[in-house]
Amino acid sequence: MNKSRSILWLIALIGFINFPSMAQTGLWMKYEKTFESTKTYENPLYNLARFKVQFQSPSGRLKTVNGFWDGQKTWRVRFMPDEIGQWSFVSFCSDTLNSGLHAIKGTFECVSHQNQHDIYTKGNIVHPKGSYYLTHADGSPFFYTACTAWNGTLKSTPQEWETYLKDRAKNHYNVIQFTTTQWRGGDKNSEGSIAFEGSGRITINPTFFQHLDKKIDEINRYGLVAAPVLLWALPVSTGRELSPGYYLPEAEAILLANYMVARYGGNQVIWILGGDGKYIGEYEQRWKTIGRGVFGAEHPGVVALHSQGQSWIGKEYASEDWLDIIGYQTGHNSSDNTIRWITKGPVATDWSTLPPKVFINLEPCYEDIQPSVQSKQVRNASYWSVFSTPVAGIAYGANGIWPWIRTGEKILNHAQPASLRSWEESIKFAGSIQIGQLGNFMQKYDWWQLKPAPELVDNQPAQAAGYISVLRSDDRQTVMAYVPTQTTLRLYNPSHLSYQGQWYDPVNDQFLEAQITSKAGILEVSSPQNSDLILILKKK
């Protein structure tokens, strides 16, 4: 062997020793495989009926995922392995003569790693059948604590996005809600691109999604779950002509959503199929058709619907197997009518009569949307919502974060408030911090065992704003009460159980002593300060 060949051989050997194989992927992380088509298709969405890849796990389980077109002759598949060892795969293409896409076989290694984020140690998010809450794949309960950044993935610079995600992770959020296409609040991304063109036959723009890829990868890099709205759907108001869930025919809506599910199914995601939509009445069959067309077969991730203000879809969608999270939104004011809708409306009264689903207020009032909606109103709406159904989670929004406002900008196709503060100011709002603390507080307890128990309150105030919400575990080991105003709380205790208690102050994120008096089957506890507090009772 001559000297030059020896040097080349040594360089190659060093490279092999020091660098991991490109065919290795960490457990619960994204595996990506690129395919080069031997043909060019005029419109791949329509010209190629199927491109799928079947993966076989080391233990022999089979999982099939859709691939997607990424421009020119490039196709990709993305997949999240859930088992350590060697995986194998084979591709299937409806154009069996395309030797670049059909019958391609290969293997890769799924390996352990040092990443300590829950999504990579406990696994992806699932909805256990028959439960009211989400868990990681290993069964660890997952309390959904989301921040709403609809336009964040569209408008933010890489540095802005990193600043935002770092702050949200630090402040106990674990989900980021955002849009994935142009919509009524954002007509293009920061590069001037749109996701697709057309309102009948549509054309995908891969460069738009390549920009979005980086934003979603960053969400996961910070240990957060991505919650993309696939089809914004508000059927009324200015700008609805920009929202694909409203104007696309059913077949095109399904094609577009399936494309995004294929593209981001290898990420840690919770899908929000429709945003701000009307899913009942004249639109009910449309959305059931879309939901079944996108998620009716094997698919990664759990699925939610985000309804328009004070729209309740629980009864109509309770038997839709593809839907895991029945989302709702309670509106952007703190009127008595809104409070009663949260505390005594259909969400609070219907959940116990329906097959188990996850019930989450995906849009309480946005902080700073009006001068009268500040941190107190956000806390009220959020805690009342969490306590109105079996505990599952909550979302936060601020009027400067969701449209990704910079100083001097206006919100597209929305009413302009008297003042509009930037997203950078808004992530420091008191409510923005306190809702993250809400999530952190709930996780100190076995929250997944808690269900509403309004019947325990002996002295429910007549005023809507004073409504006391109560939770308890089935075994009565834990009782919680959200007390929005200073009062002496009286709770029925017919079994004469003995409890020890604490107050949690959601403003200052601290615990206070609770003095409990028990007599004649009633527990009495006086709140120690003039603010909203949470009483926690633990059976002795």
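Heavy-atom basis, side chains included; hydrogens, waters and symmetry copies ignored. What you see is a predicted model, and the numbers here were worked out from it, not measured in a lab.
- Between atom OG1 of residue Thr353 and atom NZ of residue Lys315 there is a gap of 6.5 Å, rounded to the nearest 0.5 Å.
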Is there a ring pair (Phe, Tyr, Trp, His ring centres under 6.0 Å) between Phe68 and Phe209? Walk through the geometry before answering. CA-CA 11 Å; Phe68 63 92; Phe209 291 104; 9.0 Å; no
Is there a ring pair (Phe, Tyr, Trp, His ring centres under 6.0 Å) between Trp404 and Tyr164 once you walk through the steps? CA-CA 11 Å; Trp404 206 262; Tyr164 167 74; 5.3 Å; yes
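- Defined by atom type and a distance below 3.5 Å, a donor-acceptor pair is present between the side-chain atoms of Tyr41 and Asn98.
- In this structure, the side-chain hydrogen bond (donor to acceptor under 3.5 Å, both in side chains) partners of Gln210, at least two apart in sequence or on a different chain, are Asp70.
- A donor atom on one side chain and an acceptor atom on the other are not found under 3.5 Å apart for Glu197 and Thr203.
- Taking the side chain as every heavy atom from C-beta outward, Lys357 and Ile325 never approach each other to under 4.5 Å.
- A cation-pi arrangement is not found for Lys166 relative to Tyr222, the charged atom failing to lie both closer than 6.0 Å to the ring centre and inside a 45° cone about the ring normal.
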I would like to know whether Ser94 and Leu48 meet side chain to side chain contact (heavy atoms under 4.5 Å, CB included); could you show each step before the answer? CA-CA 7 Å; Ser94 54; Leu48 201 62; 3.8 Å; yes
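- Each of Val302, Ile125, Asp118 was checked for a side chain to side chain contact (heavy atoms under 4.5 Å, CB included) with Val225, and the lone residue meeting it is Ile125.
- Remark: side-chain polar atoms of Tyr259 are paired, donor with acceptor, to backbone N or O of Trp69 under 3.5 angstrom.
- Legend: residues meeting ring-ring contact (aromatic ring centres under 6.0 Å, His included) with Phe89, ordered by chain and number and at least two apart, are Phe55.
- Side chains of Met442 and Ile394 form no contact here, defined as non-hydrogen atoms less than 4.5 Å apart.
- In terms of heavy-atom proximity, Ser307 sits nearest to Gly327 at OG-O, 3.5 Å.
- Looking at Glu282 and Arg286, no side-chain N of the basic residue comes within less than 4.0 Å of a carboxylate O on the acidic one, giving no salt bridge.
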Would Glu252 and Tyr46 satisfy side chain to side chain donor-acceptor pair (under 3.5 Å), going step by step from the backbone distance to the final call? CA-CA 10 Å; Glu252 273 60 40; Tyr46 299 91; 2.8 Å; yes
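- The line from OG of Ser193 to NE2 of His211 is 8.0 Å long, rounded to the nearest 0.5 Å.
- Relative ring orientation between Phe79 and Trp87 is described as perpendicular, the plane-to-plane angle rising above 60° on a 0-90° scale split at 30° and 60°.
- Counting all heavy atoms, side chain and backbone alike, Glu316 lies closest to Lys288 at O-NZ, 3.0 Å.
- Using cut-offs of 30° and 60° on the angle between ring planes, the pair Trp232 and Trp183 is tilted.
- A salt bridge links Lys155 with Glu409: the distance from a Lys NZ or Arg NE/NH1/NH2 to an Asp or Glu carboxylate oxygen falls below 4.0 Å.
- The distance from atom OG1 of Thr181 to atom CG of Asn205, rounded to the nearest 0.5 Å, is 12.0 Å.
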Would you check, one step at a time, whether the test side chain to side chain contact (heavy atoms under 4.5 Å, CB included) holds for Tyr246 with Arg184? CA-CA 10 Å; Tyr246 164 68; Arg184 66 182 294 258; over 6 Å; no
Assess whether side chain to side chain contact (heavy atoms under 4.5 Å, CB included) is satisfied between Trp28 and Ile119, documenting all intermediate values. CA-CA 7 Å; Trp28 305 114; Ile119 56 176; over 6 Å; no
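- Counted within 6.0 Å of NZ on Lys188, heavy atoms from surrounding residues, nucleotides or ligands total 12 or fewer; the atom is thus considered open.
- Trp271 places a side-chain heavy atom less than 4.5 Å from the side chain of Pro228.
- Under the 4.5 Å side-chain criterion, counting only non-hydrogen atoms from C-beta, Pro128 is in contact with Thr135.
- The CG atom of Leu154 sits 9.5 Å away from the CG atom of Asp187 when rounded to the nearest 0.5 Å.
- The SG atom of Cys93 sits 10.0 Å away from the CD1 atom of Ile104 when rounded to the nearest 0.5 Å.
- Pro44 is not listed as a side-chain neighbour of Phe51, based on a closest heavy-atom distance of 4.5 Å or more.
- Side-chain atoms of Trp423 and Asn151, non-hydrogen and from C-beta on, never get closer than 4.5 Å to each other.
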Verify side chain to side chain contact (heavy atoms under 4.5 Å, CB included) between His172 and Thr145, making sure each step is shown before the conclusion. CA-CA 8 Å; His172 309 296; Thr145 311; 5.9 Å; no
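- Contact check for Phe92 versus Val90: side-chain heavy atoms found under the 4.5 Å cut-off.
- Residues His113 and Leu27 share a closest heavy-atom pair of NE2-O, 2.9 Å.
- In this structure, the side chain of Gln285 does not engage the main chain of Tyr283 through any donor-acceptor pair within 3.5 Å.
- Residues Thr330 and Pro364 approach most closely at OG1-CA, 3.5 Å, considering heavy atoms.
- One finds the CG atom of Leu323 at 11.5 Å from the CZ atom of Arg292 (value rounded to the nearest 0.5 Å).
- Between the side chains of Gln449 and Tyr133, no donor-acceptor pair of N or O atoms lies under 3.5 Å.
- Looking at Gln329 and Asp276, their side chains come closer than 4.5 Å, going by heavy atoms from C-beta outward.
- When all heavy atoms of Tyr173 and Ser432 are compared, the closest pair comes out as OH-O, 2.5 Å.
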Yes or no on salt bridge (charged side-chain N to carboxylate O under 4.0 Å, His left out) for Arg221 and Glu218, after CA distance, side-chain angles and deciding distance? CA-CA 5 Å; Arg221 188 169 74 86; Glu218 281 292 287; 2.7 Å; yes
Chi angles and distances behind the ring pair (Phe, Tyr, Trp, His ring centres under 6.0 Å) call for Tyr132, Trp351: CA-CA 10 Å; Tyr132 292 101; Trp351 71 264; 5.6 Å; yes
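- A salt bridge links Asp213 with Arg78; the closest basic N to acidic carboxylate O contact falls under 4.0 Å.
- Taking every heavy atom of both residues into account, Gln268 and Asn220 meet most closely at N-OD1, 3.0 Å.
- The pair Arg201-Glu42 meets the salt-bridge criterion, since a charged nitrogen lies less than 4.0 angstrom from a carboxylate oxygen.
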